[in-house]
Amino acid sequence: MEDISDQYVPADVEESAADHWAETDAYEATKEAHADDPAFFFVDGPPYTSGQMHLGTAWNKTLKDTLIRYKRMTGHRVTDRPGYDMHGLPIEVKVEEELGFESKKDIEELGVEAFIEECKTFAERNREKMDEDFQSMGVWMDWDDPYRTVDPSYMEATWWAFQRVHENGLVERGKRAVNQCPRCETALANNEVEYHEIESPSIYVKFPLKGREGNLVVWTTTPWTLPGNTFVAVGEDVTYQGVRAETESGDTEVLYLAEECVEEVLKKGRYVDYEVVEQLTGEDLVGLEYEHPLAEEVPDHAAFDGALQVYTADYVEVDRTGLVHSAPGHGQEDFERGQELGLEIFSPVVGNGDYTEQAGKYEGQFVRDANDDIVADLDSKDLLLSGETTRHDYGQCWRCDTDIIYLATDQWFITVTDIKEELLANIEESEWFPGWARDNRFRNFVEDAPDWNVSRQRYWGIPLPIWVPVDAGEDLEAEDCLVVGTREELAERADQELNPEEMDLHRPAVDDVTITEDGTTYERVPDVFDVWIDSSVASWGTLGYPAETEAFEELWPADLIVEAHDQTRGWFWSQLGMGTAAVGEVPYEQVLMHGFANDKDGRKMSKSVGNIVTPEEAIDRAGRDPLRAYLLSHDQQGANLAFQWDGLADVESTLNIFWNVFRFPLPYMRLDGYDPAEADLSDGELTVVDEWVLSRLQSVKSEVREAWEGYEVHEALNTVLDFLTEDVSRFYVKAIRERMWEEEDSAGKRGAYATLATVLDETVRMMAPFTPYLAERMYQHLDGGETTVHMLDYPEVDAELHDPDLEAHMAVLRKVEEAAANARQQGGRKLRWPVSRVVVESDEAAVREAVESLSDLFAERVNTREVVVVSRFDELVERAEPKMSEIGPAFGGDSQKVMQAVEGATREEVEAGVDADGEHYDLDDGMVEYHAEPPEGISGADFDSPVGDGSVYVDTTLTDDLESEGYARDVVRRIQEMRKTLDLDVEEPIHTRLDVSDERVAGFVDDHREFVADETRTAEWVDGDEAAFDLVEEWDVEGVDVTIGVKRVEDPDTPDGE
RNA sequence: GGGCCAAUAGCUCAGUCAGGUUGAGCGCUCGGCUGAUAACCGGGAGGUCCGCGGUUCAAAUCCGCGUUGGCCCA
């Protein structure tokens, strides 16, 4: 094993640990060690293979890795197969960009097979890069065997599930108004639409009424949907008015619109005057018929029974005009209302956004490009009341940022709205951390979830396993279709010869497969699945189901999934939806939902803002373990992280303290030939601090366990780190340092070695899931009995060593010690100088008991000759403080004199009455307040402890004896500093020259020559030229000039020197 | 436009559920310690508890209305 460096250098530690893992197959050994343990089925949410790891995905995988390591150490056989989500439009778009493609036509020209190959290569290339990234964070998962959504065996899992959904009667085919990306020529799910502000026309259009005078006034930002107009919607209880409006030229016309909107709209139409001719409700307007405003341009417009009439609808708001142009072919709400009304759907637009011949004059135009023509046509017919533009949020394709259009197209759905009750009930079957994520956020989402559009008119995805009769018409029902569940089943039923072992399930391999049954021939629906279908089956796809059944039967459903809060609408939902629709169950039992990694101000990291921090950069500047510990030291339940470089540096310095604690005993142990791996607490003598730190260790283990079990990961980590810094480093190590310096083997030293070795062994194991490299490095140096620290057990509480009373006492003592240090500082007596006496005063018996039980330790730590514990310190002097509000009225003009006489007097003096200017004054009780002060030479400070408060008094009066020791210690410390300057070995003897300018002080130091020589390994006191010394320095010791010379002894074997 | 989460010292957060003198760590500063020493210990400064309104003897805490940031939905 290499030497342990003075400084914690994460990069070195990590390299050394990584090498060790590689050499010893540590990961395999760890899995093997737990092969027979009870199973813990963790499922990795597959990251999308479009780019590389960023800080958020690094956090996510680190958290998963930490939990997996913890679960293993607590005796579980953990499923740790990582996953990758590799299909979908994002990759298609990237590949199209690489190939310089602009539309589907380019893809068809290249050929679907070649395009699929490109996508496959692209996704695989990204996956390999991400594989490396995740492994570079120290994530131990089964990287040799990840599940990939592009593997036929995984794809089959979606087929199997979809077949179940079909059997359950939850698959539906139909025309629905969906979000359509005209560039990608596919439907998009609501959650694939992102909203941005755009500028659109904002036009007010007159729809001439049939059979009566007047026009309905509607407003729209999408003129291109007017050819598809089918009805006008009004609010049932809204008040409408018919107004006769006068134009600038003096003509008049009648307009119908909501009362509230009249003024505003007439102003926009530049009417000069108007009168109300009619007032009526929405209900009254129902049934009015109107002329299609583009009747000439679009002769084939909706004219069927019930079209071009007024209906009520609940989506109407009293805004703009209060009348809403409705086209079921172009809007979701319009579509739903149209269905209720039994209206046909008229949608003269194809998938790429071009008008069909049904759009008459506009045939072949891209819809958005037709806006201007339509506005102009309306204007020419005097049907345009007003035309301007407006800025508003509008949906865009999540991948290519093209503005979407609403179209009614044939799509396939999983009708999750039919099983809403079951979905909501299944939510209750899962336990979420934090709880509010389930009960508020997720529940709301599920309540509002519409039917799931699972079909995409694209290429790079899992083909829909649906075969429809070749002659199927518009009204095809899902139950008349075949849904295939596995490759084997397809091979059996297919008309063609297929090899289930070797066939690829991607397009175009399955496109031409037909099935003939009962005299009907079926062909495959050309669509692919929505990419969210892929990961929705991860809980069984991970296990190779349906091809492999054993693992599924043993493990399913997942014990735990861990993702960020954006997955509420994503993976948390898709799994619930698919699980419930296919098998009636939620596929996971526990959900840990963490937050996002934002920038230092809590803002989202983004390329355009330029505030991105990459994991690589953080690893470079701090290290893998520090980055992991930093990420894990913050709340892991729903809260976002505001990344701070300072915070990362803080964590690194905390780990450095851990490193210092770890390496502190090593030189001593080596000198004594002590092997920490063989540490035995029954060998040697345990002092009270040993017993205390061992008890604290038990408390920490129990707190840490509890935190883990509630997935309070940051609590677990911070508890260990606090223990290391507060208890081990600041208290324990300080307390045992002197014992380590003892030269001979002693029971006390062995006790300290055993204690510290035990503490280190267990904290290393507790830290292992968080900082795997650092823990490995330490374990291999301290013990190394097993291949890796990660295959060991997580430490368990040893009740024998747990002593809550002692911990309580020590907690009191530390508070008292703090107060003593405070009092010392006030009395101007530094710790190196002993004091004769420290008095601890408290009227709490528990406090006194605590201090008394630890008084030796206390005396040592505060450097006092004597510790006195009392309930009341009777040397305090009560000093009087006059209360002028009482004295003033009582003594009138003499008040000032009385005040001066009273101030600072003792209680005795005041009670006897005070004299001033020859007069005697008696005072009442209420006129004076007393407070107790320490007498001259004693300074005090108060403390609050867990069991009660009190005060500490430090007697700083000097005696020759104390002063003598103080100076001697000061001299020792100067010589030590010089030894360090000379970089002498701890053991190396020296010759020392000492000149003290003050005779009295020189005497003091002489009294302690032996002590000084001992402490500084001075073999001989010498005189001589300054030039004869390796180092000569002049010091100011408490105002006294002291000149010290130090030189090495030439031959260390003969310490007597010359 | 709607839902959820957050806002407390320069920074990270606790305290909010169950109302009662705002706390810790880091940083800053002054001092101490000095064979773990780029470590460690003590003192001090530092707060509109995001704002406004309400309930209450009493509000960081409960309620309402806002502001800012984040996520989700439209």
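Below, each value reflects all heavy atoms present in this structure, side chains not excepted, and no hydrogens, waters or symmetry copies. Lettering of chains follows the sequences in order, A, B, ..., and the numbering in each one begins at 1.
Searching all strands for a Watson-Crick or G-U wobble partner of B:rG42 with both distances below 3.5 Å returns B:rC30. Nucleotide B:rC11 is matched to B:rG25 when pairs are restricted to Watson-Crick or G-U wobble geometry with both distances under 3.5 angstrom. Across all strands shown, B:rG51 forms a Watson-Crick or G-U wobble pair with B:rC65, both key distances being under 3.5 Å. Nucleotide B:rA60 is matched to nothing when pairs are restricted to Watson-Crick or G-U wobble geometry with both distances under 3.5 angstrom. Nucleotide B:rC4 has B:rG70 as its partner under the Watson-Crick or G-U criteria, with both atom distances under 3.5 Å.
Atom-to-atom, CZ of A:F445 to C1' of B:rC5 comes out at 17 Å; the value is rounded to the nearest Å. In this structure, A:Y8 places its OH atom 16 Å from P of B:rA39, rounding to the nearest Å. Here the P atom of nucleotide B:rG3 and the CG atom of A:D439 are 18 Å apart, to the nearest Å. If you take CG of A:N660 and P of B:rU37, they are 6 Å apart, rounded to a whole angstrom. Regarding A:E977, its CD atom lies at a distance of 16 Å from the P atom of B:rA39, rounded to whole Å. Taking atom CG of A:L188 as the reference point, atom P of B:rA74 lies 12 Å away to the nearest angstrom. At whole-Å resolution of the value, CG in A:L648 and C1' in B:rC11 are 14 Å apart. Atom CG of A:N718 is separated from atom C1' of B:rC26 by 12 Å (rounded to the nearest Å).
Straight-line distance between the P atoms of B:rG46 and B:rA38: roughly 33 Å, to the nearest whole Å. B:rC4 and B:rG10 are spaced 31 Å apart, taking the P atom of each and rounding to whole Å. Between B:rU34 and B:rC26, the two C1' atoms lie 23 Å apart (nearest whole Å). One C1' atom belongs to B:rA6, the other to B:rG66, and the distance between them is 16 Å to the nearest Å. For B:rA24 and B:rG47, the C1' atoms lie 15 Å apart once the distance is rounded to whole Å. Separation of the C1' atoms belonging to B:rG20 and B:rG25 is 27 Å when rounded to the nearest angstrom. B:rA60 and B:rU48 are spaced 12 Å apart, taking the C1' atom of each and rounding to whole Å. Here the separation of B:rG51 from B:rC11, taken at their P atoms, is 15 Å to the nearest Å.
The residues A:K604 and A:D599 are annotated as not salt-bridged, no charged nitrogen and carboxylate oxygen being separated by less than 4.0 angstrom. Under 4.0 Å is where a charged nitrogen must lie from a carboxylate oxygen, and between A:R969 and A:E1015 no such pair does.
Residue A:D646 is classed as having no contact, given no heavy-atom separation below 4.0 Å to the nucleic acid. Counting any heavy atom pair closer than 4.0 Å across all strands shown, A:S729 reaches a base atom. Heavy atoms of A:W659 sit nowhere under 4.0 angstrom from any nucleic acid atom.
Within a 6.0 Å sphere centred on NZ of A:K749, other residues, nucleotides and ligands contribute more than 12 heavy atoms. By the neighbour-count criterion of 12 heavy atoms within 6.0 Å, atom CD of A:E706 is sparsely surrounded, having that number or fewer from other residues, nucleotides or ligands.
Scanning all heavy atoms of the two residues, the minimum distance from A:S202 to A:R320 falls at OG-NH1, 4.1 Å.
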Could you go through nucleotides 69-71 of chain B and list every protein N or O atom that sits under 3.5 Å from one of its N or O atoms, giving the distance for each pair?
from: B:rG69; atom 1: O2'; to: A:G602; atom 2: O; distance (Å): 2.9
from: B:rG70; atom 1: O2'; to: A:N640; atom 2: ND2; distance (Å): 2.5
from: B:rC71; atom 1: OP1; to: A:K604; atom 2: NZ; distance (Å): 3.4
from: B:rC71; atom 1: O2'; to: A:R441; atom 2: NH1; distance (Å): 3.0
from: B:rC71; atom 1: O2'; to: A:H565; atom 2: ND1; distance (Å): 3.4
from: B:rC71; atom 1: O2; to: A:R441; atom 2: NH2; distance (Å): 3.2

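Both A:A639 and A:P450 lie near RNA chain B, and the one whose nearest nucleotide falls closer to the 5' end is A:A639. Nearest-nucleotide positions on RNA chain B place A:Q976 closer to the 5' end than the other of A:Q976 and A:N656.
The closest side-chain donor-acceptor pair between A:N660 and A:R663 falls under 3.5 angstrom. If you check the side chains of A:D439 and A:W432, you find no donor sitting under 3.5 Å from an acceptor. If you check the side chains of A:T57 and A:W59, you find no donor sitting under 3.5 Å from an acceptor.
Distances from the side chain of A:H634 to the nucleotides B:rC13, B:rC4, B:rA36 place B:rC13 closest.
By the 6.0 Å and 45° rule, A:R739 does not stack over the aromatic ring of A:Y668.
A donor-acceptor contact under 3.5 Å is not formed by the side chain of A:S653 with the base of B:rA39. Evaluation of atom-type donor-acceptor distances gives no pair under 3.5 Å for the side chain of A:R973 against the base of B:rU37.
Between A:R824 and B:rG42 there is no side-chain polar atom (N or O) within less than 4.0 angstrom of OP1 or OP2. Residue A:Y668 has a polar side-chain atom (N or O) positioned under 4.0 Å from OP1 or OP2 of B:rA36. Taking only side-chain nitrogens and oxygens, A:Q644 comes nearer than 4.0 Å to OP1 or OP2 of B:rU12.
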For this session: In sequence, state the C-alpha distance, the side-chain angles, and the governing distance for A:S536 and A:S574, and then conclude on side-chain hydrogen bond (donor to acceptor under 3.5 Å, both in side chains).
Result: CA-CA 5 Å; A:S536 75; A:S574 72; 4.9 Å; no
